[in-house]
Amino acid sequence: MKKEFEKKQLVKKSENFSQWYIDVILKSGLADYAPVKGCQVIKPYGYGLWENIQRVLDEKFKEKGIKNAYFPLFIPEKFLKREKEHIKGFSPELAVVTIGGGEELKEKLVVRPTSETIIYEMYAKWIKSWRDLPLLINQWCNVVRWEMRPRLFLRTTEFLWQEAHTVHQTEEEALEMVKWALENYVNVYQDFFAIDGISGQKSESEKFPGAKTTQTFEILMPDGKALQGCTSHDLGQNFAQAFNLKFLDKDGKEKMPYQTCFGLSTRCLGALIMVHGDDQGLILPPKLAPIQIVIIPILPAQNLIQKAKELKNVLKEFRVEIDFTKEHSIGWKFNEWEIKGVPLRIELGQKELKEKKATLARRDTGQKISISLESLENEVKEILEAIQKNLLERSRKFLKENTKDVSDYRDFKEIMKKEKGFIKAFWCQNPKCEAKIKEETKATVRVLPFDAPEEKGKCIYCQETAEKKWIFGQAY
RNA sequence: CGGGGCGUGGUGUAACGGUAACAUGCACGGUUCGGGACCGUGAGAUUCUCUGGGUUCGAAUCCCAGCGCCCCGACCA
C-alpha cells in the first residue's frame with residue numbers, strides 16, 4: 001500500500017533534479033516521449049502553455065509592424081552553403097532528405113534547422129527599392145536539429161519556435177531592432193514567465209554562426225546550470241552579401257541592406273518548468289497557465305456543482321476549470337492539480353457554502369485562505385497577481401544569490417565543481433582562455449551584461465589586462 | 001561517439017531452464033469523498049516476453065549478433 005503510494009510521487013527536486021524534471025513533465029501531462037529518439041509529443045496541456053506564449057509574443061510583434069508568413073520546411077542544400085560560418089555551424093546537426101517520391105534527389109534537401117537561407121533567397125527577389133524596407137517578417141514553425149543528446153523541451157530533435165527576419169536600410173535601424181527584440185523577450189520573460197536573468201552580448205565563439213553579434217537572455221536553472229532563453233542577432237551584411245540583397249536608395253544608388261533575426265523556442269518551457277517547480281510538481285505563473293484556477297467541489301453534490309458553475313461565471317475573466325470528476329478522492333484531486341501547477345485552487349464544500357465563503361489555496365506558497373464569496377473576484381485577481389509577483393521575486397533572489405563575483409581562478413574552479421551558478425569575472429576576450437576555462441571547469445562565457453561597467457582588471461585565467469567582467473556558467 | 005541501465009498487458013514490476021504472475025491503470029456496477037478511499041465483476045500479453053540466430057526434450061530465463069529507448073558524458077545558434 002505504502003509502496004504504491006510512493007511510486008506515484010515525484011522524485012524530489014532537491015534529490016535528483018534531472019529525474020524530477022522528467023517526472024514532472026510526464027506526470028503533469030505537458031509532454032510525452034515520441035517513438036522516435038529525441039522527439040516528443042507536446043500534449044494539450046503543454047501546448048496550451050505554448051499557445052499563451054505565442055499569443056503574447058505575436059501581439060507584441062504585430063504592434064511593432066512585424067507580420068507573419070510561412071516559408072518551406074525544405075531548403076536546397078546549396079542555399080545553406082552560401083554563408084560559410086552558417087553552414088559550418090549547422091552541418092553537424094542537419095537532417096537531409098535524399099529520396100523523394102521514390103527517387104534519389106539530384107539536389108539534396110535539408111530539413112530546416114533555421115530558415116535564414118531560404119527566407120533571404122526570397123527576400124533578394126522581393127527587395128528592389130528603399131520603399132520595400134524595412135521588411136519585417138516572422139514565422140512560427142518547427143525546425144529540426146539532429147542533436148546527440150536530447151532532453152525534453154530543452155533540446156529535442158524537432159522543436160517549435162518563432163523566427164523573425166528583418167531587413168533595414170541602415171545599420172542604426174537594424175541595431176535598434178536587435179535591441180528592441182531582446183528587450184521585448186526580456187520583458188516577456190520577466191512579466192509573463194516570472195523569470196529573471198542576465199541580458200547582454202555573446203562572445204565570438206558563442207554567437208550565432210553567420211551573425212555579427214548575438215544578444216541573449218541567460219537564465220540560471222536551480223541546479224546551477226545556465227540556459228539561453230532567446231536570441232537576437234545583428235546579421236550585419238553577412239547574409240545580404242551571400243544572398244545578394246540590394247536595394248536602390250533614395251539617392252539613386254544601389255546599396256546593401258542590414259539584417260537582423262531573433263527567435264524564441266519551446267525550450268523556454270524547459271526553463272519555466274525548472275525555475276518554478278517544486279517537490280509537488282509544476283508551478284505555473286498565472287499569466288501563462290492554461291488553467292489559472294481550478295474549482296474543486298469537495299463532494300459531487302448537486303448544490304456544490306451548481307455553486308462551482310456560478311463561481312466560474314463570476315470569474316469569467318480568468319481561465320477556470322471545474323473538477324467534476326467523481327472517481328477520485330479529494331486528496332487525489334488536490335495532488336493532481338498541484339502536479340499540474342495550477343496557480344490557484346478553490347475548494348468548495350458544504351462548510352464553505354454555509355458560511356458563504358470559499359477556501360483558496362495558493363500553489364506557490366501552499367497557503368490556504370478563507371474568502372467571502374462576495375469579494376471573490378477581487379481577491380482572486382489580487383492573489384493571482386501576488387503569485388505572479390512572488391514567483392518573479394523568487395527567481396530574482398535565486399539569480400542574485402547564485403551570481404558570484406570571482407577574481408581568483410581557484411575559487412572559480414571550486415564553485416564550478418560544487419554549487420555552480422553564474423560567475424562574474426574579468427576576461428581578456430582571448431578565445432584561448434575561454435577554451436581553457438571550458439576544458440578545466442566545463443563553464444563557458446555565457447554573456448557580457450549590458451550594464452557591465454568599464455573597469456580595469458586582470459583576466460581570471462591568464463592575468464592579462466581585461467576591461468569587462470563577463471558572466472560564466474555551465475550551459476544546458 | 002564513449003560509459004551505464006533497460007527492453008514482459010497502457011504503466012511499474014515478477015517468474016529456478018518446466019509452459020507468463022502481481023500491482024496499478026482501464027471498463028461496468030455499487031459504497032465513499034475536508035490531503036493520493038474501497039468492494040465486486042470484467043477486458044487487456046495471445047502466431048506469448050524487442051528482432052534474428054544458437055544451445056536444449058523444453059528458453060522470458062543461458063549464449064551470440066543486431067535493433068531500440070532512457071540516463072550520464074563528449075557535442076550543441
Side-chain angles (χ1 to χ4, degrees), chain A residues 1-11 16-23 26-27 32-40 83 85-94 112-116 143 145-152 154-157 159 161 163 202-216 227-235 261-265 267 280-281 296-301 304 323 325-339 345-354 358-359 361 366 368 370 438-439 442 444 474-476:
Chain A
M1 197 65 209
K2 187 83 194 291
K3 206 177 159 199
E4 276 99 47
F5 172 79
E6 278 170 356
K7 220 159 44 182
K8 288 183 197 167
Q9 300 293 303
L10 303 164
V11 171
N16 186 345
F17 185 71
S18 59
Q19 189 59 49
W20 170 87
Y21 178 73
I22 295 162
D23 279 3
L26 299 178
K27 289 182 182 170
D32 200 355
Y33 286 109
V36 180
K37 181 187 161 90
C39 293
Q40 66 174 6
E83 215 289 343
E85 290 298 316
H86 192 65
I87 184 66
K88 209 174 115 196
F90 281 105
S91 57
E93 52 193 53
L94 294 180
R112 64 182 164 218
T114 178
S115 307
E116 278 75 14
V143 290
R145 297 183 188 180
W146 217 267
E147 305 278 5
M148 291 173 191
R149 174 95 158 81
R151 260 175 90 83
L152 290 170
L154 297 175
R155 193 176 298 103
T156 45
T157 302
F159 58 93
W161 78 348
E163 51 177 326
K202 283 282 181 189
S203 70
E204 266 306 294
S205 68
E206 294 277 331
K207 72 176 190 192
F208 176 68
K212 242 174 107 183
T213 60
T214 290
Q215 300 189 357
T216 182
L227 190 77
Q228 182 174 305
C230 61
T231 47
S232 180
H233 312 290
D234 167 20
L235 300 180
C261 65
F262 41 95
L264 178 126
S265 74
R267 167 182 251 202
Q280 267 63 252
I296 303 184
I298 299 295
L299 288 165
L304 293 179
D323 188 342
T325 55
K326 295 174 187 171
E327 290 77 18
H328 300 293
S329 71
I330 202 67
W332 193 94
K333 290 181 188 177
F334 288 175
N335 283 296
E336 191 64 13
W337 289 108
E338 278 164 10
I339 290 174
R345 179 176 73 231
I346 300 181
E347 300 170 15
L348 203 58
Q350 303 298 1
K351 191 177 75 189
E352 280 85 355
L353 217 57
K354 205 188 289 174
T359 302
K368 285 198 185 191
S370 189
K438 184 177 181 184
E439 194 184 312
K442 290 188 200 161
T444 50
Q474 293 178 13
Y476 257 104

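Basis for what follows: all heavy atoms, side chains included, without hydrogens, waters or symmetry-related copies. Below, chains carry the letters A, B, ... as their sequence lines are ordered, and counting in each starts from 1.
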Tyr476(A) side-chain N/O to Arg155(A) backbone N/O, donor-acceptor pair under 3.5 Å: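 Not at all, since once roles are kept as given, no pair shorter than 3.5 Å links the two residues.
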Does any N or O in the side chain of Arg267(A) come within less than 3.5 Å of the main-chain N or O of Leu154(A), such that one atom is a donor and the other an acceptor?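 Flag set: sc Arg267(A) to bb Leu154(A) pair under 3.5 Å.
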Taking atom [atom2] of [N] as reference, at what distance in whole Å does atom [atom1] of [X] sit?
{"X": "Ile296(A)", "N": "rG36(B)", "atom1": "CD1", "atom2": "P", "result": "13 Å"}
{"X": "Arg151(A)", "N": "rC69(B)", "atom1": "CZ", "atom2": "P", "result": "18 Å"}
{"X": "Glu327(A)", "N": "rG30(B)", "atom1": "CD", "atom2": "C1'", "result": "13 Å"}
{"X": "Lys27(A)", "N": "rG25(B)", "atom1": "NZ", "atom2": "P", "result": "13 Å"}
{"X": "His328(A)", "N": "rC26(B)", "atom1": "NE2", "atom2": "P", "result": "6 Å"}
{"X": "Phe159(A)", "N": "rC76(B)", "atom1": "CZ", "atom2": "P", "result": "15 Å"}
{"X": "Leu348(A)", "N": "rG35(B)", "atom1": "CG", "atom2": "P", "result": "16 Å"}

Residue [X], side-chain atoms from C-beta onward, closest of [options]:
{"X": "Ile298(A)", "options": "rC33(B), rC69(B), rA74(B)", "value": "rC33(B)"}
{"X": "Pro209(A)", "options": "rG36(B), rA77(B), rG35(B)", "value": "rA77(B)"}
{"X": "Glu147(A)", "options": "rG36(B), rC76(B), rA77(B)", "value": "rC76(B)"}
{"X": "Pro300(A)", "options": "rG34(B), rC33(B), rC69(B)", "value": "rC33(B)"}
{"X": "Lys438(A)", "options": "rC76(B), rG35(B), rC71(B)", "value": "rC76(B)"}
{"X": "Arg155(A)", "options": "rC76(B), rG36(B), rC75(B)", "value": "rC76(B)"}

Can you tell me whether the side chain of Gln280(A) and the base of rG35(B) have a donor-acceptor pair closer than 3.5 Å? no
Is a donor-acceptor pair below 3.5 Å formed from side chain Arg145(A) to base rA77(B), judging by atom type as modelled?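 Donor-acceptor pair under 3.5 Å: yes.
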Touch check for [X], heavy atoms < 4.0 angstrom, all strands: base, sugar-phosphate only, or nothing?
{"X": "Lys207(A)", "result": "sugar-phosphate"}
{"X": "Gly349(A)", "result": "base"}
{"X": "Lys351(A)", "result": "base"}
{"X": "Ser18(A)", "result": "sugar-phosphate"}
{"X": "Phe17(A)", "result": "nothing"}
{"X": "Glu116(A)", "result": "nothing"}
{"X": "Trp337(A)", "result": "nothing"}

Under 3.5 Å, is there a donor on one side chain and an acceptor on the other for Glu327(A) and Thr325(A)? no
If you assign each of Lys368(A) and Glu206(A) to its closest nucleotide in RNA chain B, which residue comes earlier from the 5' end? Lys368(A)
